[in-house]
Amino acid sequence: MQRHLITSAIPYINGIKHLGNLVGSQLPADLYARYQRARGNEVLFLCATDEHGTPAELAAAKAGKPVAEYCAEMHAVQAEIAEGFGLSFDHFGRSSSPQNHALTQHFAGRLADAGLIREVVEKQVYSNADGRFLPDRYIEGTCPNCGYDKARGDQCENCTKQLDPTDLIDPRSAVSGSTDLEVRDTKHLYLRQSALKDDLDAWIDSKSDWPILTTSIAKKWLHDGDGLQDRGITRDLDWGIPVRRGDADWPGMEGKVFYVWFDAPIEYIACADEWAQAQGGADWQRWWRTDKGAKDVRYTQFMGKDNVPFHTLSFPATILGSGEPWKMVDHLKSFNYLNYEGGQFSTSQGRGVFMDQALALLPADYWRWWLLSNCPETSDTEFTWELFQQGVNKDLADVLGNFVSRVTKFCRSKFGETVPEGCAFGPQENALIETLNSRMDQYCQLMDKMEVRKSAQELRAIWVAGNEYLQTAAPWATIKEDEAKAAMQIRLGLNLIALYAVLSAPFIPTASARMQDAMNVPDMDWPTDAGEALAKLSPGHAFSVPDNLFGKISDDDRSDWQERFSGIRT
RNA sequence: GGCGCGGUAGCUCAGUUGGUUAGAGCGAUCGACUCAUAAUCGAUAGGUCGGGAGUUCAAGUCUCCCCCACGCCA
């Protein structure tokens, strides 16, 4: 039995994610986790919310709530939506957990002991009215270049000129509007990533099976310009993990917190601790410490391409620098972007379809199937309502749903709701079994390699094989001359449904459960041989005819949704 | 402006280390069937692989230049 540790990039807390976010990490991670569990492997699948930093504080302020309360609420919201999509996390944690506090402080202490932390005094803008330092982009003013009066401290959106906050004319706080600003010295900790550059380089080089997208991004950061830069790991904020050196105070760093990019990936580890505690004291270190049983763990991370640098460089730098035997990622699966109707999905602009909206329109399986079978695996990919409608109607309603419908209804009208016996399989059935065996084998190989789109294609071909068989076997014609043969053909058809239920479950768990339920098979192991699998339901076994598995998306629905989601989310 | 990923049938995308007539699904057309969610099955049509030059016995696949789209960065 293999052991799989699987993590999805952790979504930021300030709001509900769109379909592009979903398909870029959580959904394919779930596909893989479900598949590995179905194969009988031991799986720990973790995700969490990323809760620290200025955007969370500001979102909370906007909602008129204390930030801790806001985060707790939003975590519950995201957890519920994740459940709605059938995301089968073993634990959905929080980067603000006590476990992550302790672990982040632990790592910082280890890095400091290893001489990999240096202190830097820098100048930052302080707002007296807000009582806080302001990150560059939360300072507004008039652009010295073009005169635009809402330029941000990091860049003018109007003329795109890069700015320093001190360049702005009449600077003011974007938080309160106050102009009572001053530049103050503030001390921060930097992680000496540059000192780890060669180690990281060698580590990346050892990963020859990673996608080009992944390694090219990592290499670029390692070698471009002056190479990998040191990076600040602390901020002057209230909301975050207090800067401590392990269990000890960190003199001079009182009142400061770790920068969100530093503590967020550590939550992958802390989340296992949270999971263990929720289980009532399971051993989480056997998943994460190679000296404590994690040697045989295969660790796979899923993320969008924008997250690759953190997962290939920053987080590994933290782990390597600690000098402790933490489990490093084995395979890193990154995704391109999903575009929406010719443009981008955008959280900040509210463009596209968001997870809660999607679930309000259609059951999760529709989204899961379309998004996975069209996921942006090797290049950016296009979501349009027309493509979505076509794909879902054809694959789910016509090919799979209708197959279940035609077999069960035919059986009910001719033989009743029990599996008929009939004669033994003949050459046609054996040919089908041969086809299925080869396709199932291919399907598993693709799933093992996380070739998501191709796996979906293969699964679809397996569904099609059922329709092909039915079309040539034609039990509706056979029954007029040879009832026993027709009975056998339908017995095979019913067994196919049960087989499809198991094979399809990683993609469309809800529909699979309904198929399994209708066929009245509570448990079914992953099939290794189609011949065996198609003998699972024996003659006399009772089943029921399910309602149509998938309704179709009408042209009216499509144009209605196209219209409704054309603008900006309010 | 620099860098990065791309530009393959009407559409969405595959094309491993260069090697025989460039693939899939959808859409289109024609045919078969009528059990089924007007579903299914089969067949056919459709591409000078963004443009140009080069390397090679051989290039969608390598090199150079150009054009276009997108993204990241200064």
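Here is how names work: the chains are called A, B, and so on, in the same order as the sequence lines, proteins then strands, and each is numbered from 1.
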Q | Aromatic plane relationship, A:Phe550 with A:Tyr366 - under 30° parallel, 30 to 60° tilted, over 60° perpendicular | A | perpendicular

Q) Without hydrogens or angle criteria, can the side chains of A:Trp369 and A:Ser504 be said to hold a donor-acceptor pair below 3.5 Å? A) no

Using atom names, set out every protein N or O paired with an N or O of nucleotides 11-13 of chain B below 3.5 Å, distance rounded to 0.1 Å.
| residue | atom | partner | partner atom | Å |
| --- | --- | --- | --- | --- |
| B:C13 | OP1 | A:Asp380 | O | 3.1 |
| B:C13 | OP1 | A:Thr381 | OG1 | 3.3 |
| B:C13 | OP1 | A:Glu382 | N | 2.8 |
| B:C13 | O2' | A:Arg453 | NH2 | 3.2 |

Q) On a whole-Å scale, what distance lies between the C1' atoms belonging to B:G60 and B:G50? A) 12 Å

**Q.** Runs of at least three consecutive pairs that involve RNA chain B, where pairs are Watson-Crick or G-U with distances under 3.5 Å
**A.** B:1-4 with B:70-73, B:10-13 with B:23-26, B:28-32 with B:40-44, B:50-54 with B:62-66

Q) Should we say atom CD of A:Gln428 is surrounded by more than 12 heavy atoms from elsewhere, each under 6.0 Å from it? A) yes

Q.
According to salt bridge (charged side-chain N to carboxylate O under 4.0 Å, His left out), does anything in residues 468-492 of chain A pair up with another residue at least two apart or in another chain? List the pairs.
A. none

Q: Sticking with atom P, work out how far B:U12 lies from B:U55, rounded to a whole angstrom.
A: 36 Å

Sub-3.5 Å pairs of nitrogen or oxygen atoms, protein against nucleotides 29-31 of chain B:
none

(Q) In this structure, how many angstroms lie between the P atom of B:G71 and the CG atom of A:Leu338, rounded? (A) 14 Å

Q) Do A:Gln389 and A:Asp555 have side-chain N/O donor and acceptor atoms under 3.5 Å apart? A) yes

Q. Is the Lys NZ or Arg CZ of A:Lys17 less than 6.0 Å from the centre of A:Phe354's six-membered ring, within 45° of the axis?
A. no

Q. Can you check the A:Asp555 CG to B:G27 P distance for me, whole Å?
A. 12 Å

**Q.** Syn/anti state for B:G46 [syn: chi within 90° of 0]
**A.** syn

Q: Return the orientation label for the A:Phe410 and A:Phe415 ring planes: parallel under 30°, perpendicular over 60°, tilted otherwise.
A: perpendicular

**Q.** Donor + acceptor pair across side chains of A:Ser194, A:Asp230 (<3.5 Å)
**A.** yes

Q) What interatomic distance, in whole Å, is found between C1' of B:A24 and the corresponding atom of B:G19? A) 22 Å

Q. Expressed in whole Å, how much space separates the C1' atoms belonging to B:G52 and B:A59?
A. 15 Å

Q | Pairwise 5' ranking along RNA chain B for A:Glu451 and A:Thr472, keeping only the more 5' one | A | A:Glu451

Q | Any donor-acceptor N or O pair under 3.5 Å, side chains A:His331, A:Thr300 | A | no

Q) Would you say the side chain of A:Val502 lies within less than 4.5 Å of the side chain of A:Pro527, judging by non-hydrogen atoms? A) yes

Q) Can a salt bridge be assigned to the pair A:Lys552 and A:Asp557 using a cut-off of 4.0 Å between side-chain N and carboxylate O? A) no

Q. How long is the line joining CG of A:Asp306 and P of B:C73, in whole Å?
A. 10 Å

Q) When you compare B:G27 with B:A38, how far apart are their P atoms, in angstrom units rounded to a whole number? A) 15 Å

Q. B:A24 P sits how many Å from A:Asp395 CG, rounded?
A. 16 Å

**Q.** Qualifying residues under ring pair (Phe, Tyr, Trp, His ring centres under 6.0 Å), relative to A:Trp561, sequence neighbours excluded
**A.** A:Trp385

Q. How does each nucleotide of nucleotides 35-40 of chain B score, in 5' to 3' order, for protein heavy atoms under 4.0 Å: base (B), sugar-phosphate only (S), or none (-)?
A. BBB-SB

(Q) With rounding to the closest Å, how many angstrom separate the P atoms on B:G25 and B:A45? (A) 15 Å

Q: Measure the distance from CG on A:Asn393 to C1' on B:G25 and round it to the nearest whole Å.
A: 15 Å

Q.
Taking the C1' atom in each of B:C49 and B:U44, what is the distance between them to the nearest angstrom?
A. 23 Å

**Q.** N/O (side chain, A:Arg460) to phosphate O (OP1/OP2, B:C26) under 4.0 Å
**A.** yes

Q) Side-chain contact, heavy-atom cut-off 4.5 Å: A:Phe507 with A:Leu371? A) no

Q: To the nearest Å, give me how far apart CG (A:Asn339) and P (B:C5) are.
A: 18 Å

Q.
Between B:G2 and B:C62, how many Å separate the two P atoms, rounded to a whole number?
A. 23 Å

(Q) For a quick check under 3.5 Å, do A:Tyr469 and A:Glu429 share a side-chain donor-acceptor pair by atom type? (A) yes

Q | Contact summary for A:Tyr32 and A:Met447, nearest pair of heavy atoms | A | CE1-O, 3.7 Å

